[in-house]
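Please read all numbers here as calculations on a predicted model, not as lab measurements. Note: hydrogens, waters and symmetry copies are ignored here, and every other heavy atom, side chains too, is used. Numbered from 1 within each chain, the chains take letters A, B, ... in sequence-line order.
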Protein chains: 2
Amino acid sequence: MPKETFFNLSEDKRARIETVAIEEFAENSLNSASVNTIVSKAGIAKGSFYQYFENLEDLYQHILKIAQKRKLGLISSLPSPSGNMDTFRYLQRLLLVDLAFELNYPRLSQVERRHKFENPITSSIDPETGQRFSGDGRFHAFLSQGILHDDIATWVDTDLAAYALEVLSSWLSPYLLERLEQDSGKTIEANQELSSDPLVQDLLQNLLDILMAGMSRDPQIRKDFYSK
Amino acid sequence: MPKETFFNLSEDKRARIETVAIEEFAENSLNSASVNTIVSKAGIAKGSFYQYFENLEDLYQHILKIAQKRKLGLISSLPSPSGNMDTFRYLQRLLLVDLAFELNYPRLSQVERRHKFENPITSSIDPETGQRFSGDGRFHAFLSQGILHDDIATWVDTDLAAYALEVLSSWLSPYLLERLEQDSGKTIEANQELSSDPLVQDLLQNLLDILMAGMSRDPQIRKDFYSK
DNA sequence: CCTCATTGTGACCGACTGGTCATATTATAT
DNA sequence: ATATAATATGACCAGTCGGTCACAATGAGG
């Protein structure tokens, strides 16, 4: 945790440091990020840095917490909680969260992606259910409800599916953003409303159709192929 | 390209350097990898290093070429070329290539993944077809044949699907490997035949069923949900 | 043996790294 | 104005970085 001194800083100075740090951690892993670069870009003395943080990792963890906080903020700002929501919209909402995160905080999103890359799958056995459990659980929860609502077939391996969905969701956003930019020919500025862009909606629908159709039915297709 | 001196080296010395380098690049990006570490672990003098390579990037590119070469070797060692193959087996084969690569050269596979991470999507417009084109084209080719054989619906956005499949394939392998290890309780040694392990076959089948079922049919599912 | 080319070596260089600390500056309270 | 606490600063440290280079070792042809 950053020291008290850091939190006593003026709003703009703290924001400046955080912005610079986010940019640094988006481009470099914790090992290769540079304190000197950060203090120089942020316009503070090196000594000051060590009055605010124990070390680089201290700042890194702080940035990760910011990412977590902002993503939670986005989740609560998106329409309706997940209780009485049909399975299709549930998954759509999960993907939209990551997309909105990418649109609003692209560099922070990159920090998070890099973090996931450097600290990969931490799957383990859930002590409560005795089931395998990987990732942050969002997609496990989705799959559970989907199966409960009979919208997802029971033969689907939930841990595999959750892992695949998490990977997909994490990497889908930058793809959509880049495709959007190439389509409109201009850079997209941070705007949460852009997730309602027709092209994005279309592509998202496309992927959702594939996934939902694939997970909801019997794997008849395979037998079809074999009997051909 | 490495200098001639490097290729004149004895087989074991060259292999030793390459192995050490692969390990270093699996753990560090090009920026944070260390010449000193490599020469120290490989047991050669620093001066020697610069008689073999122009610089670190020179070695890095060499390692990437090794990865490419070995993957090609795996592709040609796997059953039957892609001409007269049904769509399901085609996709299965593509995923198996990455899986075999992970099993036989796990650290090299990690180097490749890291490389993809640091040098992300380079999608552009294919000058021949005028279509969008991202990744190495393996999955684009697959999708084209699938559509041709009427096994993949035409409404599927091929570039989005190809991107998603590439991401999935790249990240599926380490997941399967880890799951296999956790299931059998022991570490898996390099063995291409292990891709025929029942658990792996099962999980692969599971994912293939989802993907193929999802991509082969009309997106009826969506309308079902809306009319609920 | 000598010659010449190739290969191997590690001390050395300037630049940069994370981290420290004595000192200077500022703010607060009396 | 004075005293005290909180904050800001950059010179400085030991260590590591990529890269060089004068020199030593090795091998081949004669």
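- Taking atom CG of A:Leu56 as the reference point, atom P of C:dC16 lies 18 Å away to the nearest angstrom.
- Between B:Gln51 and A:Glu54, it is B:Gln51 whose nearest contact on DNA chain C lies nearer the 5' terminus.
- Heavy atoms of A:Thr5 sit under 4.0 angstrom from primed sugar atoms or phosphate atoms, though from no base atom.
- Taking only side-chain nitrogens and oxygens, A:Tyr52 comes nearer than 4.0 Å to OP1 or OP2 of D:dA8.
- The side chain of B:Val35 approaches D:dG18 more closely than any other nucleotide in the set C:dG8, C:dG18, D:dG18.
- Counting any heavy atom pair closer than 4.0 Å across all strands shown, B:Lys13 reaches sugar-phosphate atoms only and no base atom.
- Neither side chain, A:Ser29 nor A:Asn31, offers a donor N or O lying under 3.5 Å from an acceptor on the other.
- Nearest nucleotide to the A:Thr37 side chain, out of C:dT17, C:dG10, D:dA8: C:dT17.
- Defined by atom type and a distance below 3.5 Å, a donor-acceptor pair is missing between the side-chain atoms of B:Gln51 and B:Thr5.
- A:Asn28 places its CG atom 16 Å from the P atom of C:dC16, with the value rounded to the nearest Å.
- Which of C:dG8, C:dG18, D:dT9 sits closest to the side chain of A:Asn36 comes down to C:dG18.
- In this structure, B:Arg14 atom CZ and C:dT7 atom C1' are separated by 16 Å, rounded to whole Å.
- Distance B:Lys3 NZ to C:dT7 P: 11 Å, rounded to the nearest Å.
- Contacts of A:Phe6 with the nucleic acid, taken as non-hydrogen atoms under 4.0 Å apart, are absent.
- As a whole-Å value, the separation of B:Lys46 NZ from D:dG18 P is 7 Å.
- Residues B:His115 and B:Phe25 place their aromatic rings such that the two centres sit no closer than 6.0 Å.
- Atom P of nucleotide C:dT20 and atom OH of A:Tyr50 are separated by 7 Å, given to the nearest angstrom.
- Side-chain contact, B:Asp159 with A:Tyr175: a donor N or O sits under 3.5 Å from an acceptor N or O.
- The residue A:Phe53 sits apart from the nucleic acid: no heavy atom pair falls under 4.0 Å.
- Contact record, B:Gln110 with B:Ala26: CG-O, 3.4 Å, taken as the closest heavy-atom pair.
- Here the nucleotide nearest the side chain of A:Asn8, chosen from D:dT7, C:dG18, C:dT7, is D:dT7.
- Between the CD atom of B:Glu24 and the P atom of D:dC17 there is a distance of 9 Å, given to the nearest Å.
- Across the protein-nucleic acid pair, A:Phe7 atom CZ and D:dT7 atom C1' stand 16 Å apart, rounded to whole Å.
- For A:Ser48, the listed nucleotide lying nearest its side chain is D:dT9; candidates were D:dT9, C:dG8, D:dC17.
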